[in-house]
2 protein chains.
Amino acid sequence: MDAENQARLQARARVLKAMAHPSRLYLVELLSNQEQCVAELTKAVGADISTVSKHLSLLKAVGIVEDRKQGTQVFYRLKAPCVLNFFSCVEEVLKNNLQEQIKLVK
Amino acid sequence: MDAENQARLQARARVLKAMAHPSRLYLVELLSNQEQCVAELTKAVGADISTVSKHLSLLKAVGIVEDRKQGTQVFYRLKAPCVLNFFSCVEEVLKNNLQEQIKLVK
DNA sequence: TGCTTATTTGGCAATATAACCAAATAGGCG
DNA sequence: CGCCTATTTGGTTATATTGCCAAATAAGCA
């Protein structure tokens with residue numbers, strides 16, 4: 001694999017990696033309906049606010065979400081709603097692979 | 001976030017995480033046209049064969065690829081071609097976020 | 001300005017991932 | 001069987017990710 005291909009795939013991997021975490025997937029879901037501030041998102045996710053803030057920063061860095069400051073609050077919203085399309089495929093994969101998925105959990 | 005939601009999102013994250021690596025993305029691309037054996041895939045990726053074998057095992061464990069034994073060779077093929085649909089969205093995200101992507105590389 | 005609330009950043013410890021090498025396994029064939 | 005080829009597995013080390021706490025920053029308001 002040459003350097004150019006490597007760079008291309010690394011960029012793609014970065015975006016997918018940003019999605020590949022339970023809390024971040026949840027954040028994307030939460031933002032699919034409406035923009036929300038960090039405090040609200042933190043309550044929903046149930047982790048430390050600093051943790052949620054870092055998850056949001058990562059999603060923002062790769063371009064999946066964007067933010068808007070309003071007073072002391074920061075509202076995040078989905079910038080790339082096309083990522084929601086991933087879910088139907090992911091669910092299909094999970095459905096077709098139930099037995100293996102169960103092994104992975106054990 | 002309750003336990004059920006956590007489990008649901010963890011399963012989804014597992015599938016996305018399996019995709020979120022340059023070599024594995026490349027493997028998926030290589031298999032999008034035709035099934036190939038481990039040796040061929042290894043040559044294309046340019047890593048140690050044991051490394052490639054492990055990447056393939058991971059893709060298989062989550063249900064993205066499947067394999068078929070023929071003599072001493074193992075041929076892998078795409079089991080969930082719908083993952084190819086991810087790429088157009090990922091490219092869109094990358095295009096819309098060029099400046100940030102460049103920062104990430106630096 | 002000083003205080004309060006909201007969020008981000010820095011730092012650390014725990015865990016997970018990745019790559020290689022070496023060794024094990026599996027199938028075909030003399 | 002013994003050997004060869006293809007692939008997987010085990011083990012180790014290096015690197016990356018995660019989550020929390022504490023501290024820093026930012027904005028509004030008395």
Side-chain angles (χ1 to χ4, degrees), chain A residues 1 6 9-27 30-31 35-62 64-77 100 103-106, chain B residues 1 6 9-11 13-28 30-31 35-62 64-77 100 103-106:
Chain A
M1 182 159 40
Q6 177 69 23
L9 294 167
Q10 220 158 60
R12 283 189 180 186
R14 232 181 341 261
V15 174
L16 289 171
K17 201 147 48 166
M19 293 284 294
H21 185 283
S23 298
R24 293 195 294 268
L25 282 175
Y26 195 31
L27 290 169
L30 290 165
L31 296 174
E35 67 170 24
Q36 290 189 50
C37 71
V38 180
E40 290 173 302
L41 294 166
T42 298
K43 204 155 90 177
V45 170
D48 192 276
I49 190 171
S50 70
T51 301
V52 173
S53 173
K54 280 177 185 171
H55 282 312
L56 289 166
S57 296
L58 179 53
L59 288 170
K60 180 181 162 189
V62 301
I64 293 174
V65 305
E66 57 192 346
D67 63 347
R68 170 177 80 81
K69 216 165 258 182
Q70 186 176 36
T72 63
Q73 290 179 301
V74 179
F75 285 86
Y76 280 87
R77 63 171 170 275
E100 288 294 336
K103 283 184 204 163
L104 289 175
V105 172
K106 283 177 185 168
Chain B
M1 182 162 36
Q6 177 69 24
L9 294 166
Q10 222 158 58
R14 229 177 350 254
V15 174
L16 289 170
K17 200 145 50 164
M19 293 284 294
H21 184 283
S23 298
R24 292 195 295 266
L25 283 175
Y26 195 30
L27 290 169
V28 167
L30 290 166
L31 296 175
E35 67 170 23
Q36 290 190 51
C37 71
V38 180
E40 290 174 302
L41 294 166
T42 297
K43 203 155 93 176
V45 170
D48 192 275
I49 191 171
S50 69
T51 301
V52 174
S53 174
K54 279 176 186 172
H55 283 312
L56 289 166
S57 295
L58 179 53
L59 288 170
K60 179 181 162 188
V62 301
I64 293 173
V65 305
E66 57 191 346
D67 63 348
R68 170 177 81 80
K69 216 166 259 182
Q70 185 177 35
T72 64
Q73 291 180 300
V74 178
F75 285 85
Y76 280 86
R77 63 170 170 276
E100 290 292 336
K103 283 184 204 162
L104 289 176
V105 172
K106 282 178 185 168

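Each chain gets a letter, A, B and so on, in the order its sequence line appears, and its residues count up from 1.
- The 5' end of DNA chain D is approached more closely, in terms of each residue's nearest nucleotide, by A:Ala20 than by the other of A:Gln70 and A:Ala20.
- At a threshold of 4.5 Å between non-hydrogen side-chain atoms, the residues B:Val74 and B:Arg68 do not count as touching.
- The separation between B:Leu27 atom CG and D:dT7 atom C1' is 15 Å, rounded to whole Å.
- Expressed to the nearest 0.5 Å, how far OG of B:Ser23 lies from CD of A:Gln10 amounts to 9.5 Å.
- Listed in residue order, the members of residues 43-53 of chain B having a heavy atom less than 4.0 Å from DNA chain C are B:Ala47, B:Asp48, B:Ser50, B:Thr51.
- Taking atom CG on A:Leu25 and atom P on D:dT17, their separation rounds to 16 Å, with Å as the unit.
- Contact annotation: the side chain of B:Leu31 approaches that of B:Val65 to within less than 4.5 Å [non-hydrogen atoms, C-beta and beyond].
- Of the candidate nucleotides C:dT7, D:dT7, D:dT18, C:dT7 has the atom nearest to the side chain of A:Val38.
- In this entry the distance linking NZ of A:Lys60 with C1' of C:dT8 reads 10 Å, nearest Å.
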Self-check item: Step-by-step salt bridge (Lys or Arg N to Asp or Glu O under 4.0 Å) determination, A:Arg77 to A:Glu66
Solution: CA-CA 6 Å; A:Arg77 63 171 170 275; A:Glu66 57 192 346; 3.3 Å; yes

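- Note: NZ (A:Lys54) to P (D:dA24) measures 15 Å, nearest angstrom.
- Taking atom CZ of residue A:Arg68 and atom P of nucleotide C:dT7, one finds them 12 Å apart after rounding to whole Å.
- Contact check for B:Gln73 versus B:Val38: no side-chain heavy atoms found under the 4.5 Å cut-off.
- Between A:Phe75 atom CZ and D:dA26 atom C1' the separation is 16 Å, expressed in whole Å.
- Interatomic distance, B:Tyr76 OH to B:Ser53 OG, rounded to the nearest 0.5 Å: 5.5 Å.
- Proximity of A:His21 to the phosphate of D:dG19: a side-chain N or O atom is located under 4.0 Å from OP1 or OP2.
- Summary of the strand contacts: B:Gln73 and A:Thr72 both lie near DNA chain D, and taking for each the nucleotide with the nearest heavy atom, the more 5' one is attributed to B:Gln73.
- Within the nucleic acid shown, A:Tyr76 comes within 4.0 Å of sugar-phosphate atoms alone, with no base atom in reach, counting heavy atoms only.
- Atom P of nucleotide C:dT17 and atom CG of B:Leu59 are separated by 14 Å, given to the nearest angstrom.
- Within the structure, a side-chain polar atom (N or O) of A:His55 is placed less than 4.0 Å from OP1 or OP2 of D:dG19.
- For B:Val74, the side-chain atoms get nearest to D:dT7 when compared with the rest of D:dT7, C:dT8, C:dA18.
- Between A:Ala18 and A:Arg24 the shortest heavy-atom distance is O-NE, 2.7 Å.
- Closest to the side chain of B:Lys17, out of C:dT17, C:dA18, C:dT7, is C:dT17.
- Between the CD atom of A:Gln6 and the P atom of C:dA18 there is a distance of 13 Å, rounded to whole Å.
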